[in-house]
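In each ligand, atom 1 is the first atom listed, and ligand 1 is the first ligand listed. Note that the structure is a prediction, hence the values are computed from the model and not measured.
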Amino acid sequence: MEITEIPVEGYERVVRAKDPASGLHALISVHDTTLGPALGGMRMWPYASEDDALTDVLRLSKGMTYKSAVAQTGLGGGKSVIIGNPKQIKSEALFLAMGRFVESLGGKYITAEDVNIGIPDLEICRRATSHVTGLSREDGGSGNPSPYTAYGVFLGVRAACGWRFGSDDLEGRTVAVQGVGAVGGALVERLVRAGAKVTIADIHEEKVQAMVDQLGVTACSLDDILGVECDVFAPCALGAVIRDESIDKLRCQIIAGAANNVLHEGRHGAELAKRGVLYAPDYVINAGGIINVSVEFREGGYDQDAALQKIERIPQALKEVWTLSDQDGVSPNVAADRLAEQILDEARRAKA
Ligand code: NAD
């Protein structure tokens with residue numbers, strides 16, 4: 001396997017692996033390890049070019065640094081991407097080679113699941129490296145992160161209501177949830193139990209119908225969910241839902257959901273603020289999963305109570321972001337980045 005360094009300013013290490021024997025062509029980006037080893041998922045995608053893959057891995061690894069900093073996971077940020085079509089190139093040899101690639105960074109980068117990568121793939125990698133997280137509980141891992149992400153988002157929705165309406169009681173609050181998959185579905189259950197009136201939409205009609213029957217929620221069409229008149233809109237499906245074409249449809253007071261990259265562009269944060277919509281920045285509110293994984297690194301290994309306690313800090317992190325947003329007169333997404341940078345600067349100064 002040929003491993004080459006790609007110098008990128010502002011990144012600790014970016015490396016490329018090419019292994020003709022297994023067909024592996026992959027990149028790992030270690031953005032920043034000031035706060036700890038760089039944790040971030042492994043993604044497989046049929047990128048059109050290595051440049052596209054590089055852009056993605058750089059953006060994602062920096063995002064992980066910021067997310068972990070604000071969530072106080074004690075971890076840095078990294079990410080890896082395997083270039084190729086998952087339907088065509090997955091093989092035992094490929095994931096063993098990827099494991100060797102991860103191992104070559106000596107623990108500076110720790111991998112986990114991401115788009116098109118499942119636990120079976122990671123289990124193969126783990127035969128070549130110990131720097132793999134998020135495996136099943138039976139394997140000593142922290143297991144499926146989604147219920148923990150959902151718990152954090154639920155607490156974040158409450159915190160946002162507290163900030164906006166002066167009470168975090170969800171009884172009678174109206175919430176529109178876009179996407180009722182692993183995270184959205186668990187969120188809806190919690191919202192209903194807390195007394196909220198919930199409207200949902202999802203591509204999977206059977207899933208929607210089952211929730212309507214079992215939980216008494218209301219269903220609406222995929223097109224209409226954004227425009228539901230409600231207290232909270234919770235995007236739990238796709239990224240970039242808040243964009244020029246959609247923003248004027250919103251009839252909510254708050255946006256607080258699980259989806260990554262909710263804002264199509266950073267400026268949409270300011271557009272939301274202009275319209276009086278309170279935004280809970282995605283990587284702050286959806287950190288429950290990474291917090292759960294990070295607990296694998298505490299002395300004594302994974303412990304669910306420790307994970308829950310750390311997730312219960314998400315409302316505090318959101319309040320810090322909104323306070324900074326008010327103080328600095330910037331939108332919450334900008335304030336979240338500033339908070340992350342402050343935390344990193346302080347840690348760098350303390351280390352120097
Ligand atoms: P998932 O695939 O289990 O669920 C997504 C759901 O959205 C599916 O049911 C899908 O049918 C639905 N969907 C897709 N397009 C839709 C559309 N146009 N309108 C309505 N519904 C649509 O994924 P998940 O694990 O629940 O993650 C949801 C979001 O949260 C993703 O953006 C993910 O990146 C983010 N996230 C997840 C976690 C986690 O722990 N799983 C952590 C952080 C962030």
**Asked** Does the side chain of Thr174 come under 3.5 Å of the side chain of Asp231 through a donor N or O and an acceptor N or O?
**Response** yes
**Message:** My understanding is that only one of Val115, Ile117, Val81, Ile83 makes a side-chain contact (heavy atoms from CB on, under 4.5 Å) with Met44; could you say which?
**Reply:** Ile117
**Fill in**
If you compare Ala258, Gly181, Gly288 by their heavy atoms, the one closest to atom 36 (N) of ligand 1 turns out to be Ala258
**Prompt:** Would Glu296 and Ser142 count as having a side-chain donor-acceptor pair, cut-off 3.5 Å?
**Reply:** yes
**Whether Asn261 side chain and Gly239 backbone form a donor-acceptor pair below 3.5 Å** = no
**Request:** Return the residue, atom name and 0.1 Å-rounded distance of the protein heavy atom closest to atom 26 (O) of ligand 1.
**Result:** Val183 N, 2.8 Å
**Item:** Subset of ligand 1 atoms that lie under 4.0 Å from at least one heavy atom of Ala201
**Value:** 20 (C), 21 (N)
**Request:** Could you tell me whether a side-chain N or O of Asp213 sits under 3.5 Å from a main-chain N or O of Ala210, the two making a donor and an acceptor?
**Result:** no
**Message:** Geometry only, no angles: is Val180 polar-contacting ligand 1 at N/O separations under 3.5 Å?
**Reply:** no
**Prompt:** Are the side chain of Tyr109 and the backbone N or O of His131 linked by a donor-acceptor pair below 3.5 Å?
**Reply:** no
**Asked** atom 23 (O) of ligand 1: protein heavy atom closer than 4.0 Å?
**Response** no
**Asked** Nearest to atom 33 (C) of ligand 1, what protein heavy atom do you find, and at what distance?
**Response** Asn260 ND2, 4.0 Å
**Request:** Using heavy-atom distances, let me know which of Gly289, Cys236, Gly184 sits nearest atom 5 (C) of ligand 1.
**Result:** Cys236
**Asked** For atom 41 (N) of ligand 1, what's the nearest protein heavy atom and its distance?
**Response** Ser146 OG, 3.1 Å
**Request:** Just need the protein heavy atom nearest to atom 31 (C) of ligand 1, so name the residue and atom and give the distance.
**Result:** Ala237 O, 3.4 Å
**Prompt:** Is any N or O atom of Gln178, backbone or side chain, closer than 3.5 Å to an N or O atom of ligand 1?
**Reply:** no
**Asked** Any side-chain donor-acceptor pair under 3.5 Å between Ser68 and Thr73?
**Response** yes
**Request:** Assess the side chains of Thr33 and Glu12: does a donor N or O sit below 3.5 Å from an acceptor N or O?
**Result:** yes
**Prompt:** For atom 2 (O) of ligand 1, is the nearest protein heavy atom under 4.0 Å away?
**Reply:** no
**Item:** Element-labelled atoms of ligand 1 that are located less than 4.0 Å from some non-hydrogen atom of Pro145
**Value:** 40 (O)
**Request:** From the options Thr149, Asp202, Ile203, select the one whose nearest heavy atom is closest to atom 10 (C) of ligand 1.
**Result:** Asp202
**Fill in**
The option among Leu238, Leu222, Leu187 carrying the non-hydrogen atom nearest to atom 20 (C) of ligand 1 is Leu222
**Prompt:** Using a distance-only test with no angle check, is there a side-chain donor-acceptor pair under 3.5 angstrom linking Asp51 and Ser49?
**Reply:** no
